[in-house]
Every structure is written in C-alpha cells, then in structure tokens.
Participant: 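Before we start, here is the structure in question, set down as structure tokens.
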Amino acid sequence: MDAYLIWLILALVLLGAEMMLSTIYLLACTAGCVASCITAVLGGNFTSQCYILAIVTIVGVIIAYTYRRKIRKLSPNTDCNDLDKGQRVVVEDVLTDGSAKVNYRGALWTAYLNEGNLTKGTYFVEKVEGTRLILTK
C-alpha cells in the first residue's frame, strides 16, 4: 500500500474521531496527516513526511489553543436571561413566609417580592433566579 493512502486513511480516521469527540485538537492532527499525504504524493521520503506531520500538527495545536482561550474570555449573553422580565403574574395564595406559589408558563413557581412580603394581586416579573420568580409591583 502506498504511503499517501496510509496518511489519507489515518486522516479520515482522525476526522471521524473528531466528529464524535468534538475536540478541536484532532483537527490539527488531521491537517498534519493531510499535509503528509500531499508530501507523499509529491514524492517526499518518509522522514520528510513525518517532519511535515509534526510541524503542521504543532502549529495547528497552537492555533487551536489560542482560539479556545479567546472563546473562553467571551462574556455570556445576558439578554437571554431577561426574557421573562415584565411578564404579568397573578398571586392568589400567599404562604406564611411571605412567598407564594404561582402558575407561570404552565408550571408552578415559587415567587418572592423583591422587597417585603407578597399579598394577593397582580405583579410583574423582575428577574428569574433558578426556579424562583422575583416579582415587583
């Protein structure tokens, strides 16, 4: 079997593993195998194929590492957390601790007033903290 076929098969195996594992580093190894395959097609010896593999893989891993660090520094989108802000909630029964169980979006939520205790009436959602609704007048 020719050397370029071995490099190509190895590249395809690594690409399949990348698709299953979702790591960006295996793409660098795949690029190194493809570069070695091209070197083999152009007539390079095995030593030069391995050098090309090592150089391309190392450069790819460095690029992947810096890319992942840059992604990690991005702040999360906080606008998605405010989708419930301003929605109307009707409080029908108040518990002894000043909170209430309210039906909101088809589920039972525990609701608290941002300052003080709840009474019966209509309130608006100020924010959502986990499974709790913080309400305001």
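Being a predicted model, the structure only gives us computed values, none of them experimental.
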Participant: Do Tyr123 and Val90 have side chains that get closer than 4.5 Å, going by heavy atoms?
Facilitator: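 No, every pair of side-chain atoms sits at 4.5 Å or beyond.
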Participant: Could you see if Ile24 belongs to whatever hydrophobic cluster contains Met19? Use Ile, Leu, Val, Met, Phe, Trp, Tyr and a side-chain cutoff under 4.5 Å.
Facilitator: yes
Participant: Anything under 3.5 Å between a donor and an acceptor, one on a side chain of residues 129-137, the other on a protein residue two or more places apart or in another chain? List them.
Facilitator:
| unit_1 | atom_1 | unit_2 | atom_2 | d |
| --- | --- | --- | --- | --- |
| Glu129 | OE1 | Arg132 | NH2 | 2.9 |
| Glu129 | OE2 | Lys127 | NZ | 3.4 |

Participant: Applying a strict under-4.5 Å side-chain criterion to I, L, V, M, F, W and Y, I'd like to know whether Leu21 and Leu14 cluster together.
Facilitator: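 Yes, same cluster.
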Participant: A side-chain contact here means heavy atoms from C-beta on lying under 4.5 Å apart; do Asp93 and Lys101 qualify?
Facilitator: no
Participant: When you measure from the side chain of Asp2 to the backbone of Leu5, do you find a donor-acceptor pair of N or O atoms at a distance under 3.5 Å?
Facilitator: no
Participant: My understanding is that only residues two or more places apart in sequence, or in another chain, count here; which of them pass side-chain hydrogen bond (donor to acceptor under 3.5 Å, both in side chains) with Asn103?
Facilitator: none
Participant: List in chain and number order the residues that pass ring pair (Phe, Tyr, Trp, His ring centres under 6.0 Å) with Tyr25, two or more places apart in sequence or in another chain; answer none if no residue qualifies.
Facilitator: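 Partners of Tyr25 under the ring pair (Phe, Tyr, Trp, His ring centres under 6.0 Å) test: none.
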Participant: Anything under 30° is parallel, anything over 60° is perpendicular, the rest tilted; go ahead and classify Phe46 against Trp7.
Facilitator: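 Geometry flag for Trp7 against Phe46: parallel rings.
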Participant: Check residues 27-37 and write down every donor-acceptor pair under 3.5 Å in which the side-chain atom is one partner and the other belongs to a residue at least two apart or another chain.
Facilitator:
| unit_1 | atom_1 | unit_2 | atom_2 | d |
| --- | --- | --- | --- | --- |
| Thr30 | OG1 | Leu26 | O | 2.8 |
| Ser36 | OG | Gly32 | O | 3.1 |
| Ser36 | OG | Gln49 | O | 2.8 |
| Ser36 | OG | Leu53 | N | 3.4 |

Participant: Give the minimum heavy-atom separation between Gly86 and Phe124, together with the two atoms involved.
Facilitator: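 The pair with the smallest heavy-atom distance is O-CD2, 3.4 Å.
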Participant: Would you give the length of the straight line joining atom OG1 of Thr39 to atom CG of Asn45, rounded to the nearest 0.5 angstrom?
Facilitator: 10.0 Å
Participant: Same cluster or not: Ile52 versus Ile6, using hydrophobic residues (I, L, V, M, F, W, Y) connected whenever any side-chain heavy atoms lie under 4.5 Å apart?
Facilitator: no
Participant: Determine yes or no for a side-chain-to-main-chain donor-acceptor pair under 3.5 angstrom, with Thr57 supplying the side chain and Ala54 the backbone.
Facilitator: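 Looks like no, no N/O pair under 3.5 Å.
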Participant: When you look at Asn114 and Glu126, which way does the side chain to side chain contact (heavy atoms under 4.5 Å, CB included) test go after all the steps?
Facilitator: CA-CA 8 Å; Asn114 59 355; Glu126 182 177 326; 2.7 Å; yes
Participant: Kindly write out the residues that satisfy side-chain hydrogen bond (donor to acceptor under 3.5 Å, both in side chains) with Ser99, not counting sequence neighbours, or none if the list is empty.
Facilitator: Asp97
Participant: Which residues satisfy the side-chain hydrogen bond (donor to acceptor under 3.5 Å, both in side chains) test with Tyr67, sequence neighbours excluded?
Facilitator: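 Expected list: none.
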Participant: Do you reckon Tyr112 sits in the same ILVMFWY cluster as Val125, going by side-chain contacts under 4.5 Å, direct or chained?
Facilitator: no
Participant: Leu113 and Val94: same hydrophobic cluster, using ILVMFWY side-chain contacts below 4.5 Å?
Facilitator: yes
